[in-house]
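Residues take their numbers from the sequence shown, with the count starting at 1.
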Amino acid sequence: MTGWALLLLTASLLVVTGELEPMPLAGGALLALALPVFLHTSTARQAARSGRLTTYEISEQGLASSSAESRHAYTWKAFRSVERLSGQLLFGMGGARFVPVPTGGLSAAQIDQVLAAASAGGLRVG
C-alpha cells in the first residue's frame, strides 16, 4: 500500500509542479511492483526446493495448481501463450509472468492433449 501511495504522490507532484521527483517514483515502484514480484519468486523457489507436492488440473475452463498451502486457478483468458520446453510447459501471462507446469509424469499424448485444450482456449501454442 505504501508503494502505491508513493506512486500517487509522485503523479500528484508531477501534475502540480510539472517536475518528476525520482526518489518517490523509485521508492514507489520498488515497494509496489518489484518487492511483490521478488517475494512471489522467492516463495516459489523455496517451495520447489522443499519438494512440496503440487498437483495441476487442466480442463476446458483453464489451469489450476494446488498444494498444501494454496490453490491457484486461472481461466484460459488469463494466459496469452503456452510453450513446450524440456520437462515443462510454460504458460505465459504477459510481461514477465508465467506459470510453469512440469511434464515429467505425462506421456507425449497427454502433453498433446494439454496443448490442444490450451489452443481451444485461445492460447498461442509454441
Side-chain angles (χ1 to χ4, degrees):
M1 187 63 99
T2 303
W4 292 108
L6 282 173
L7 290 174
L8 181 62
L9 173 67
T10 303
S12 300
L13 288 173
L14 179 61
V15 169
V16 172
T17 66
E19 295 182 19
L20 183 63
E21 295 292 330
M23 291 306 289
L25 177 64
L30 180 69
L31 291 173
L33 305 171
L35 187 61
V37 169
F38 171 76
L39 292 174
H40 177 73
T41 302
S42 65
T43 301
R45 286 186 183 143
Q46 287 175 354
R49 281 193 296 267
S50 71
R52 289 183 276 193
L53 179 65
T54 301
T55 58
Y56 297 89
E57 302 165 46
I58 298 168
S59 68
E60 292 177 2
Q61 289 75 35
L63 168 69
S65 64
S66 302
S67 68
E69 293 80 22
S70 65
R71 177 174 169 74
H72 300 281
Y74 307 93
T75 64
W76 290 125
K77 291 179 182 181
F79 300 107
R80 292 185 180 179
S81 64
V82 59
E83 299 289 329
R84 179 187 272 184
L85 302 175
S86 179
Q88 68 180 344
L89 296 174
L90 197 61
F91 290 85
M93 301 179 85
R97 296 180 47 207
F98 59 87
V99 176
V101 176
T103 58
L106 300 176
S107 69
Q110 290 171 318
I111 293 171
D112 288 340
Q113 286 178 332
V114 172
L115 294 175
S119 179
L123 275 68
R124 179 181 48 82
V125 177

**Study point:** K77 and Q61, any side-chain heavy atoms less than 4.5 Å apart
**Key:** no
Exercise for review: Taking the side chain as every heavy atom from C-beta outward, state whether T55 and R71 have any atom pair closer than 4.5 Å.
Suggested key: no
Check your understanding: Please walk me through it: do Y74 and M93 pass side-chain contact (heavy atoms from CB on, under 4.5 Å)?
Key -> CA-CA 10 Å; Y74 307 93; M93 301 179 85; 3.6 Å; yes
Review point. Are there more than 12 heavy atoms of other residues, nucleotides or ligands under 6.0 Å from atom CD of E69?
Key: yes
Review point. Would one find more than 12 heavy atoms of other residues, nucleotides or ligands at under 6.0 Å from atom CZ of R80?
Key: no
Check your understanding: Is the side chain of W76 donor-acceptor paired with the backbone N or O of S59 at a distance under 3.5 Å, no angle test?
Key -> yes
Point to revise | Sub-4.5 Å side-chain heavy-atom contact between F91 and V114 | key: yes
Exercise for review: Indicate, with yes or no, if L89 and V125 share a hydrophobic cluster defined by side-chain heavy-atom contacts under 4.5 Å among Ile, Leu, Val, Met, Phe, Trp and Tyr.
Suggested key: yes
Check your understanding: Measuring from R124:CZ to F79:CZ, what's the distance to the nearest 0.5 Å?
Key -> 14.0 Å
Check your understanding: Are the side chain of T103 and the backbone of L106 linked by a donor-acceptor contact shorter than 3.5 Å?
Key -> no
Point to revise | Within-4.5 Å side-chain heavy-atom neighbours: L123 and S81 | key: no
**Study point:** Atom pair CD (E83) and CG (L115), whose distance is rounded to the nearest 0.5 Å
**Key:** 10.0 Å
Point to revise | Nearest atoms (heavy-atom pairs only) where R84 meets I111 | key: NH2-CG2, 3.0 Å
Point to revise | Any donor-acceptor pair under 3.5 Å from Q110 side chain to S107 backbone | key: yes
